Amino acid sequence: TPGQVGRPCAVVTADIASELGIPDDAVVAFGLIDAEAGALGVMGKDFFDTMDLRLMLIGGTSTNYMTFSSEKRLIPGIWGPFKDAVFADIWMHEGGQSLSGAALDAVLDHHPAGPGSASSEHHRVVATHVLEIIEREGPNFSPLRHIVPDWLGNRSPLGDGHARALVTGLGVEDNYRSCLEHYYATARGLVLQSRQVIEHFNRFGFQISEVSLSGGQLKNELMRKLYKDALGVTTFIPDVKEPVLLGTAMVAASAANFYPDLQGAVAGMSPNFIRQTPDPQSRQTYDKAYEIYLLLFETRNRIERLAKSL
């Protein structure tokens with residue numbers, strides 16, 4: 001029988017304890033994967049009263065969307081549901097977006113006017129220049145370039161590993177502004193697809209109106225702004241740098257009996273959050289961009305269906 005996350009599994013043996021420099025009676029807990037630990041770290045102390053309302057988004061090289069419910073919900077394009085995967089008698093659902101942060105890396109790596117390589121500093125510089133243009137010109141910067149960002153298939157909502165990206169608005173321009181436009185369009189497309197995933201969850205019993213954000217994408221100020229303004233929901237950013245480590249600590253604290261169970265550890269150890277609501281002045285622009293995204297998404301799907309008959 002599988003063990004329950006956050007309950008004791010064993011104790012460290014004397015030889016391993018000596019090697020690691022820890023007590024030889026240290027408790028080993030039943031663990032969990034990194035995305036699940038990251039979700040624990042950003043759930044919030046009131047999560048179990050608001051499960052149907054909140055989604056945890058962990059954005060890195062790829063993006064995970066984690067939801068939990070007290071009932072089994074079969075959702076196309078969403079992994080699971082997995083009962084007891086993290087909490088006893090609670091179902092976990094997991095959506096995904098492949099090659100998300102890596103898609104922004106690719107713009108820096110390959111655009112003729114880009115820096116030629118992806119690094120934290122290069123992302124910071126390019127994102128800052130995009131934000132400066134948005135400040136001057138408004139969020140309608142790059143109005144003709146739009147992207148369905150399925151560079152490595154569509155995990156959610158389609159569950160189709162063979163789907164591929166669609167880009168519109170390309171020209172012969174290869175200057176730096178073109179690089180900024182493509183970077184912005186890629187970032188916007190990633191966030192708008194996340195918005196689509198949220199709506200997909202909501203068609204199957206959820207009522208998601210809040211998203212807790214974590215992961216490396218939060219280091220990118222452009223992505224932070226787009227998640228705030230284009231996702232269409234209230235977003236929360238934790239005041240902890242490493243939610244995965246915090247979630248892991250919650251598991252350990254439960255196993256060590258600092259809390260009666262894992263739910264108690266989440267309630268007792270959750271960080272504070274910065275609450276963000278969308279900028280109303282940007283709403284119309286991003287609503288229109290989302291309408292374009294959905295049109296391109298359906299057009300891409302139709303093209304791929306027709307292509308299969310060639």
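Keep in mind the model is a prediction, meaning the values are calculated, not measured.
Other members of the hydrophobic cluster containing Leu170, listed by chain and number, are Leu99, Ile147, Trp151, Leu152, Val167; membership follows side-chain contacts under 4.5 Å among ILVMFWY residues, whether direct or relayed.
Hydrophobic clustering, with ILVMFWY side chains joined whenever heavy atoms are under 4.5 angstrom apart, keeps Tyr65 apart from Phe68. Linking Ile, Leu, Val, Met, Phe, Trp and Tyr residues whenever their side-chain heavy atoms come within less than 4.5 Å leaves Trp91 and Leu55 in two separate clusters. By the criterion of side-chain heavy atoms lying less than 4.5 angstrom apart, applied directly or through intervening Ile, Leu, Val, Met, Phe, Trp or Tyr residues, Leu57 is grouped together with Leu218 in one hydrophobic cluster. Hydrophobic clustering (ILVMFWY, side-chain heavy atoms < 4.5 Å, transitive): Leu231 and Leu222 are in one cluster. Residues Ile58 and Ile78 are members of separate hydrophobic clusters, defined by side-chain heavy-atom contacts under 4.5 angstrom among Ile, Leu, Val, Met, Phe, Trp and Tyr.
Cation-pi geometry between Arg300 and Phe297 is met: under 6.0 angstrom from the ring centre, within 45 degrees of the axis.
Under the 30°/60° scheme for interplanar angles, the aromatic rings of Phe201 and Phe206 are found to stand perpendicular. Tyr176 and His129 have perpendicular rings, their planes meeting at more than 60° on a 0 to 90° scale where under 30° would count as parallel.
Within the model, atoms CZ of Arg302 and CD of Glu298 stand 11.0 Å from one another, a figure rounded to the nearest 0.5 Å. Considering CG of Asn220 and NZ of Lys225, their distance stands at 13.0 Å, rounded to 0.5 Å. Between the CG atom of Asn301 and the CG atom of Asn154 there is a distance of 7.5 Å, given to the nearest 0.5 Å. Remark: Ile237 CD1 to Asn272 CG distance equals 14.0 Å, nearest 0.5 Å. To the nearest 0.5 Å, atom NZ of residue Lys228 and atom CD1 of residue Ile274 are 12.0 Å apart. Taking CG of Leu104 as the reference point, atom CG of Asp109 lies at 11.0 Å (rounded to 0.5 Å).
Contact of the Met51 side chain with the Ile90 side chain is registered, since non-hydrogen atoms from C-beta on lie closer than 4.5 Å. Between Phe48 and Val266, the closest side-chain pair of non-hydrogen atoms falls below 4.5 Å. Between Val251 and Leu262, some side-chain heavy-atom pair lies under the 4.5 Å cut-off. With contacts defined as side-chain heavy-atom distances shorter than 4.5 Å, the pair Pro81/Arg73 does not qualify. Arg195 is not listed as a side-chain neighbour of Val211, based on a closest heavy-atom distance of 4.5 Å or more. In this structure the side chain of Gln196 reaches within 4.5 angstrom of the side chain of Tyr290, judged on heavy atoms. For the pair Ser178/Arg145, a side-chain contact is recorded, criterion being any heavy-atom separation below 4.5 Å from C-beta on. Counting only heavy atoms from C-beta outward, the side chains of His123 and Asp105 approach each other to under 4.5 Å.
Smallest separation of non-hydrogen atoms from His122 and Ser117: ND1-O, 2.8 Å. Ala37 approaches Thr248 most closely through the heavy-atom pair CB-OG1, 3.8 Å. Smallest separation of non-hydrogen atoms from His93 and Ser69: CE1-OG, 3.0 Å. Across all non-hydrogen atoms, the minimal contact from Glu210 to Val233 is N-CB, 4.4 Å. Considering every non-hydrogen atom in both Tyr293 and Pro149, the closest pair reads CE1-CD, 4.0 Å. For Ser214 against Pro243, the heavy-atom pair with the smallest separation is CB-CG, 3.7 Å.
Ion pair Lys288/Glu291 not flagged as a salt bridge, since none of the NZ, NE, NH1 or NH2 atoms sits closer than 4.0 Å to an Asp/Glu carboxylate oxygen. Under 4.0 Å is where a charged nitrogen must lie from a carboxylate oxygen, and between Asp49 and Arg54 no such pair does. Glu181 has a carboxylate O that lies under 4.0 Å from a charged side-chain N of Arg177, or vice versa, which qualifies the two as a salt bridge.
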Item to check | Asp150 vs Gln193, side-chain contact (heavy atoms from CB on, under 4.5 Å): CA-CA, chis, key distance, verdict | outcome: CA-CA 9 Å; Asp150 293 332; Gln193 186 167 84; 2.9 Å; yes

Checklist entry - Do Tyr184 and Ile133 pass the side-chain contact (heavy atoms from CB on, under 4.5 Å) test, and can you show the C-alpha distance, the side-chain angles, and the key distance before you say yes or no? => result CA-CA 10 Å; Tyr184 175 60; Ile133 293 177; over 6 Å; no

Checklist entry - When you look at Asp229 and Arg188, which way does the salt bridge (Lys or Arg N to Asp or Glu O under 4.0 Å) test go after all the steps? => result CA-CA 10 Å; Asp229 292 336; Arg188 183 182 58 196; over 6 Å; no

Next on the checklist: Does Glu36 form a side-chain contact (heavy atoms from CB on, under 4.5 Å) with Met92? I'd like the steps, not just the answer.
Outcome noted: CA-CA 10 Å; Glu36 294 166 354; Met92 183 185 78; 3.3 Å; yes

Checklist entry - Is there a side-chain contact (heavy atoms from CB on, under 4.5 Å) between Gln263 and Phe47 once you walk through the steps? => result CA-CA 9 Å; Gln263 291 190 25; Phe47 175 74; over 6 Å; no

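In terms of modelled atom types and a separation under 3.5 Å, the side chain of Ser212 and the main chain of Val42 share a donor-acceptor contact. Remark: the backbone N or O of Arg305 is not paired with any side-chain donor or acceptor of Ser309 at under 3.5 angstrom. A donor-acceptor contact shorter than 3.5 Å links the side chain of Ser100 to the backbone of Thr63. Using a distance-only test at 3.5 Å, with no hydrogens or angles considered, a donor-acceptor pair links the side chain of His200 to the main chain of Pro76. Counting only distance, with no hydrogens or angles, the side chain of Ser254 and the backbone of Gly6 share a donor-acceptor pair below 3.5 Å. In this structure a side-chain-to-backbone donor-acceptor pair under 3.5 Å is present from Glu304 to Arg164. Between the side chain of Thr186 and the main chain of His182, a donor-acceptor pair closer than 3.5 Å is present. Without hydrogens or angle criteria, Gln217 side chain to Gly60 main chain gives a donor-acceptor distance under 3.5 Å. Between the side chain of Ser156 and the backbone N or O of Gly96, at least one donor-acceptor pair lies under 3.5 Å. For the pair Gln97 (side chain) and Leu190 (backbone), a donor-acceptor distance under 3.5 Å is present.
Within 6.0 Å of the CZ atom in Phe258, the count of heavy atoms belonging to other residues, nucleotides or ligands does not exceed 12. Atom CD of Glu135 sits in a sparse spot, with 12 or fewer heavy atoms from other residues, nucleotides or ligands closer than 6.0 Å. More than 12 heavy atoms of other shown residues, nucleotides or ligands fall within 6.0 angstrom of atom CD in Glu132.
Inspection of the Asp261 and Gln4 side chains reveals no N or O donor paired with an N or O acceptor under 3.5 Å.
Residues passing the ring pair (Phe, Tyr, Trp, His ring centres under 6.0 Å) test with Phe82: none are found, sequence neighbours excluded.
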